[in-house]
Amino acid sequence: MKKKALIFDMDGTMVDNMMVHHHAWQSKLAEVGKEMTLDEVIATCHGMNDDILVRIFGDQYAFEERDRISAEKEARYREIFLEQLRLIDGLPELLARAAELDIPMGIGTAARYENVDYVLDNLNIRHYFKAIVCDRDVKKGKPDPSVFFQVAQTLGVEPEECLVFEDSPTGARTAFNAGMEAIILTTTHKAEEFETFTSVRKCVKDYTEIKLEEELAK
């Protein structure tokens with residue numbers, strides 16, 4: 001096998017939740033005086049929450065206040081999404097098959113740790129992952145490759161031996177910067193947005209379109 005490990009982004013990649021995040025951001029930002037259209041939110045609110053708030057407000061808020069706004073937004077997201085929480089089609093089967101093949105798996109996400117726990121524990125899938133890296137574990141957010149490098153190191157594999165699953169251009173750029181190939185889930189972005197990324201193998205609507213053994217052998 002040419003690929004020895006799998007790395008998953010979480011939001012939009014394992015669970016189809018990005019529109020819920022966008023609506024939660026739009027609502028919370030309006031509360032603190034920043035009215036944004038949904039299209040503006042989608043274009044602006046990506047990456048680590050603190051980076052998003054600095055991008056929008058500059059130095060208007062101290063870190064402690066940004067952290068409070070971020071935590072309140074995420075609590076709102078978790079409340080809204082709970083009834084819809086499920087893995088993207090085909091992912092349960094892919095995770096089970098990878099485990100059967102003894103392929104180590106990790107998560108590299110910009111999400112807050114509370115949201116990672118929320119997904120892994122509510123869906124009872126934590127046992128699949130030997131490495132979990134989230135916002136509090138890295139100093140720089142995506143597209144800086146450190147998040148994927150840290151996952152690979154914990155899994156005990158070289159970066160080029162990892163196959164990444166992502167859903168955004170920023171995530172695709174992160175994989176490229178890490179020297180990793182990626183498969184894109186088109187939950188939030190259109191396939192044509194990834195045409196310039198030489199590291200992207202393919203774009204799929206869900207995991208039912210992926211034949212794991214074939215992808216590992218490439």
Side-chain angles (χ1 to χ4, degrees), residues 7-57 66-92 94-95 107-126 128-129 132-136 141-143 147 164-172 174 182-191 193-194 203-209:
I7 299 178
F8 296 85
D9 174 49
M10 191 178 72
D11 293 338
T13 302
M14 296 177 64
V15 290
D16 190 0
N17 61 352
M18 288 309 298
M19 289 308 296
V20 181
H21 272 297
H22 295 327
H23 284 293
W25 268 121
Q26 187 180 36
S27 173
K28 187 60 192 177
L29 289 171
E31 284 185 6
V32 294
K34 184 66 174 180
E35 298 284 348
M36 297 178 71
T37 68
L38 191 57
D39 285 343
E40 288 172 334
V41 170
I42 292 171
T44 306
C45 296
H46 53 82
M48 296 170 66
N49 283 5
D50 195 59
D51 291 343
I52 291 170
L53 291 168
V54 170
R55 192 179 303 139
I56 295 171
F57 295 106
R66 296 196 306 271
D67 193 56
R68 180 188 65 80
I69 293 170
S70 173
E72 290 174 356
K73 175 264 168 182
E74 297 304 341
R76 183 168 305 176
Y77 147 75
R78 292 192 295 272
E79 181 180 358
I80 295 170
F81 191 55
L82 185 58
E83 290 186 1
Q84 308 168 48
L85 181 60
R86 56 186 292 273
L87 292 176
I88 290 173
D89 288 349
L91 183 53
L94 186 143
L95 293 175
I107 294 173
T109 176
R112 288 174 66 108
Y113 74 92
E114 300 100 325
N115 289 359
V116 177
D117 291 344
Y118 167 82
V119 169
L120 298 185
D121 295 335
N122 276 297
L123 295 177
N124 193 30
I125 57 172
R126 185 181 294 274
Y128 283 120
F129 302 100
I132 300 169
V133 179
C134 62
D135 70 327
R136 66 180 180 179
K142 297 176 182 180
V147 58
V164 171
F165 295 91
E166 267 283 1
D167 72 301
S168 70
T170 299
T174 309
I183 293 176
I184 302 298
L185 280 296
T186 55
T187 54
T188 312
H189 295 268
K190 297 178 181 179
E193 297 180 57
F194 301 91
C203 295
V204 298
K205 65 179 179 62
D206 60 42
Y207 291 89
T208 65
E209 299 181 28

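Remember, predicted model here, so these are calculated numbers, not experimental data. Starting from 1, each residue takes its place in the sequence as its number.
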Open item on the list: Nearest 0.5 Å, please: how far is CD in E209 from SG in C203?
Closed with: 10.0 Å
Open item on the list: One thing to verify: whether D50 and R66 come together as a salt bridge, which I'm taking to mean a side-chain N less than 4.0 angstrom from a carboxylate O.
Closed with: yes
TODO: Output the distance between atom CD1 (I56) and atom SG (C45), rounded to the nearest 0.5 Å.
DONE: 4.0 Å
Open item on the list: If you define the side chain from C-beta out and look only at heavy atoms, does anything of V15 sit under 4.5 Å from R86?
Closed with: no
Open item on the list: Under the criterion side chain to side chain contact (heavy atoms under 4.5 Å, CB included), I'd like the reasoning laid out for H22 against T188: C-alpha separation, chi angles, the key distance, then a yes or no.
Closed with: CA-CA 11 Å; H22 295 327; T188 312; 4.2 Å; yes
Open item on the list: How close do T13 and Y207 get, counting heavy atoms only, and between which atoms?
Closed with: O-OH, 2.8 Å
Task: Straight-line distance of L185 CG to L91 CG, nearest 0.5 Å - done: 8.0 Å
TODO: State, to 0.1 Å, how close V116 and A111 come at their nearest heavy-atom pair, and which atoms those are.
DONE: CG2-CB, 4.2 Å
Open item on the list: Under the rule for ring-ring contact (aromatic ring centres under 6.0 Å, His included), what residues qualify as partners of F57, not counting sequence neighbours?
Closed with: Y61
Open item on the list: Between D167 (side chain only) and T187 (backbone N and O only), is there a donor and an acceptor less than 3.5 Å apart?
Closed with: no
TODO: Mark yes when over 12 heavy atoms from residues, nucleotides or ligands other than E79 sit less than 6.0 Å from its CD; otherwise mark no.
DONE: no
Task: Smallest separation among heavy atoms of I52 and T44, with atom names - done: CG1-O, 4.3 Å
- [ ] Using a strict cut-off of less than 4.0 Å between a Lys/Arg side-chain nitrogen and an Asp/Glu carboxylate oxygen, indicate whether E31 and R76 qualify as a salt bridge.
- [x] yes
TODO: Report yes if some heavy atom in the side chain of F165 is under 4.5 Å from a heavy atom in the side chain of D9; otherwise report no.
DONE: no
Open item on the list: So does L82 get a backbone contact from the side chain of Y118, meaning a donor-acceptor N/O pair under 3.5 Å?
Closed with: yes
TODO: Any chance you could measure N115, atom CG, to D11, atom CG, to the nearest 0.5 Å?
DONE: 6.5 Å
Task: Any side-chain donor near an acceptor of the partner, D39 and T37, under 3.5 Å - done: no
Task: Listed partners of T170 passing side-chain hydrogen bond (donor to acceptor under 3.5 Å, both in side chains), at least two apart - done: none
Open item on the list: Taking side-chain contact (heavy atoms from CB on, under 4.5 Å) as the criterion, tell me which of E35, E40, K73, M36 meets it with L29.
Closed with: M36
TODO: Please confirm whether the backbone N or O of E74 pairs with a side-chain atom of R112, one donor and one acceptor, at under 3.5 Å?
DONE: no
Task: Salt bridge present between D117 and R126 (N-O < 4.0 angstrom) - done: yes
Open item on the list: With a 4.5 Å cut-off on side-chain heavy atoms, are L94 and F8 touching?
Closed with: yes
TODO: Give, for atom OG1 of T109 and atom CE of M10, the distance between the pair rounded to the nearest 0.5 Å.
DONE: 4.5 Å
Open item on the list: Name the residue from I183, T186, I88 that meets the side-chain contact (heavy atoms from CB on, under 4.5 Å) definition with V204.
Closed with: I183
Task: SB check K205 D89 (cutoff 4.0 Å) - done: no
- [ ] Using the side-chain contact (heavy atoms from CB on, under 4.5 Å) rule, pick out the option among H46, H23, Q26, H21 that qualifies with V41.
- [x] Q26
Task: Check against side chain to side chain contact (heavy atoms under 4.5 Å, CB included), Y77 and N17 - done: CA-CA 9 Å; Y77 147 75; N17 61 352; 2.8 Å; yes
- [ ] Measure the spacing between CE of M48 and OG of S70 and express it to the nearest 0.5 Å.
- [x] 9.5 Å
Open item on the list: Please give me the minimum heavy-atom distance between A172 and F194, naming the atom from each residue.
Closed with: CB-CD2, 3.9 Å
- [ ] Check the surroundings of atom NZ in K34: do more than 12 heavy atoms from other residues, nucleotides or ligands lie under 6.0 Å from it?
- [x] no
- [ ] State, to 0.1 Å, how close A110 and D135 come at their nearest heavy-atom pair, and which atoms those are.
- [x] O-CB, 3.4 Å
TODO: Taking the side chain as every heavy atom from C-beta outward, state whether L87 and L123 have any atom pair closer than 4.5 Å.
DONE: yes
Open item on the list: Apply salt bridge (charged side-chain N to carboxylate O under 4.0 Å, His left out) to residues E166 and K142 and explain how you reach the verdict.
Closed with: CA-CA 12 Å; E166 267 283 1; K142 297 176 182 180; 2.7 Å; yes
- [ ] Answer whether the closest heavy-atom distance between the side chains of L120 and Y128 falls below 4.5 Å.
- [x] no
